[in-house]
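Step one of this worksheet: look at the structure below.
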Protein chains: 2
Amino acid sequence: MKNASQSNAAAKVREELENAIAWGEFAPGSRLDETALAARFGVSRTPIREALQQLAAAGLIEIRPRRGATVAVASPERLYEMFEVMAELEAMCARLAARRVSAEGLAALQSAQAQCARNRDDPDAYYAANEAFHQAIYRLSGNGFLASEAASLQKRLRPYRRLQLRVRNRVQTSFSEHESIIGHLEAGDGEAAAAALRDHVRVQGERFSDLVASLAQLNAA
Amino acid sequence: MKNASQSNAAAKVREELENAIAWGEFAPGSRLDETALAARFGVSRTPIREALQQLAAAGLIEIRPRRGATVAVASPERLYEMFEVMAELEAMCARLAARRVSAEGLAALQSAQAQCARNRDDPDAYYAANEAFHQAIYRLSGNGFLASEAASLQKRLRPYRRLQLRVRNRVQTSFSEHESIIGHLEAGDGEAAAAALRDHVRVQGERFSDLVASLAQLNAA
DNA sequence: ATGTCCGCTCTTGTATACAAGAAAAAGATT
DNA sequence: AATCTTTTTCTTGTATACAAGAGCGGACAT
């Protein structure tokens with residue numbers, strides 16, 4: 001599914017930085033010093049800079065001329081906006097998936113959901129399984145471009161979404177919402193599946209306050 | 001609205017390359033030689049490479065390791081997918097815009113439409129005015145993130161969309177569709193505006209064959 | 001004439017050297 | 001003592017030098 005190890009160093013650096021940001025090693029706002037990164041990865045500044053350019057274009061970091069790179073920091077408003085778009089993209093995936101769903105497709109989805117079930121107790125593991133579940137839906141949409149755009153936005157939201165699952169009962173709720181999404185897809189009801197997925201992803205009401213709270217926690221660390 | 005002239009050379013190169021690709025100077029599939037570009041822009045290969053990395057991350061070009069950069073070439077299927085996503089994003093903009101539209105907002109939209117009217121005879125000029133019209137709607141959505149994502153996809157579709165307007169009567173049709181979109185927004189009918197914009201953007205039926213035809217024309221040149 | 005193998009060239013990928021702006025530190029002035 | 005100014009240092013931006021893989025062409029064999 002993913003082109004594993006690129007031959008060039010810049011691509012490797014890019015991927016490792018993505019992970020480091022996703023898992024919170026570099027929190028939003030932290031500075032990314034080129035020389036330090038070069039030392040860390042055992043390469044010169046050149047491939048580091050190329051990786052940073054790509055990450056900036058993807059929106060994960062921000063480069064201000066002559067002032068270096070920092071991990072992108074999203075305001076609560078911007079975060080709300082991003083989740084609103086993500087919700088709509090995923091809803092679109094569901095709508096399309098309902099029309100084109102096949103036996104193998106549903107099997108893949110259910111296997112991803114089973115993986116979620118197995119990791120109910122560990123938020124980080126559940127997070128990974130949850131990502132796979134959503135990506136399965138992206139693929140089921142049958143629209144490859146949509147799938148890659150959704151995955152890219154998913155990546156961009158990683159630093160924040162990961163924390164979301166630490167909220168009390170959120171894992172359990174998420175899991176049962178998955179169930180109902182699967183149900184709508186099995187029934188071939190695209191609009192219901194879309195609505196369910198939209199609500200599943202969207203942050204509104206108390207979930208928004210939860211998000212802002214985790215944001216504060218993240219900035220404190 | 002846009003941060004005009006960046007201080008660094010790489011950003012300038014990036015912007016110029018974007019335009020060159022948009023206006024067809026580099027057709028999809030053409031090779032982008034680093035040394036040649038360096039000579040053209042009067043800089044070394046370093047800023048050229050940085051610009052290319054960014055363009056690749058944005059999806060406008062493709063870099064294959066050790067084999068150089070080429071302008072991204074989209075298959076008809078992929079192109080259909082991209083327009084499908086674009087249509088949905090713009091529909092979302094319209095839905096949100098209908099809720100938040102103000103007098104100034106509508107005025108901005110109508111002024112953009114007037115600009116379209118003034119350029120009905122010149123496809124290239126109409127194309128620019130049309131882009132402004134759509135961007136006005138992005139902004140009216142009130143969701144800044146959505147607006148920037150839509151603009152980014154718009155940029156990515158430029159090489160193809162520009163040709164679309166050369167199809168017989170397309171400019172006229174496009175213009176009157178704009179009128180009806182404005183009407184729905186004035187009426188505050190989000191769903192109708194969304195549907196109208198979705199159909200306006202989507203390529204289906206004969207418009208898809210038109211697109212494939214212009215694609216072939218583009219590859220021949 | 002066609003196909004294959006080997007070497008050459010040309011382009012990309014990485015490292016290093018140098019230039020210039022920004023932050024930080026030291027000094028001067030009130 | 002505090003603030004403004006100047007100088008120093010540190011980091012980024014760009015250029016150049018070097019290494020290595022990919023493509024091309026010629027020589028050779030069939």
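All of these numbers come straight from a predicted model, not from anything done at the bench.
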**Message:** Going by side-chain contact (heavy atoms from CB on, under 4.5 Å), name the residues that satisfy it together with A:R31, two or more places apart in sequence or in a different chain.
**Reply:** A:D33, A:T70

**Message:** Can you build the contact string for nucleotides 8-16 of chain D? Use B for base contact, S for sugar-phosphate-only contact, and - for no protein heavy atom under 4.0 Å.
**Reply:** ---SBBBBB

**Request:** Only pairs at least two apart or in different chains count here, so list each ring-ring contact (aromatic ring centres under 6.0 Å, His included) that has a residue in residues 73-130 of chain A.
**Result:** A:Y80-A:F208

**Message:** Just to verify, what does B:E90 make a salt bridge (charged side-chain N to carboxylate O under 4.0 Å, His left out) with, not counting sequence neighbours?
**Reply:** B:R161

Donor-acceptor list for residues 54-65 of chain A side chains, cut-off 3.5 Å, not counting sequence neighbours:
none

Distance-only check: which donor-acceptor pairs under 3.5 Å involve side-chain atoms of residues 34-43 of chain A, not counting sequence neighbours?
unit_1, atom_1, unit_2, atom_2, d
A:E34, OE1, A:R45, NE, 3.1
A:E34, OE1, A:R45, NH2, 3.1
A:E34, OE2, A:R49, NH1, 2.9
A:R40, NH1, A:E25, OE2, 2.7
A:R40, NH2, A:E25, OE1, 3.4
A:R40, NH2, A:E25, OE2, 3.4

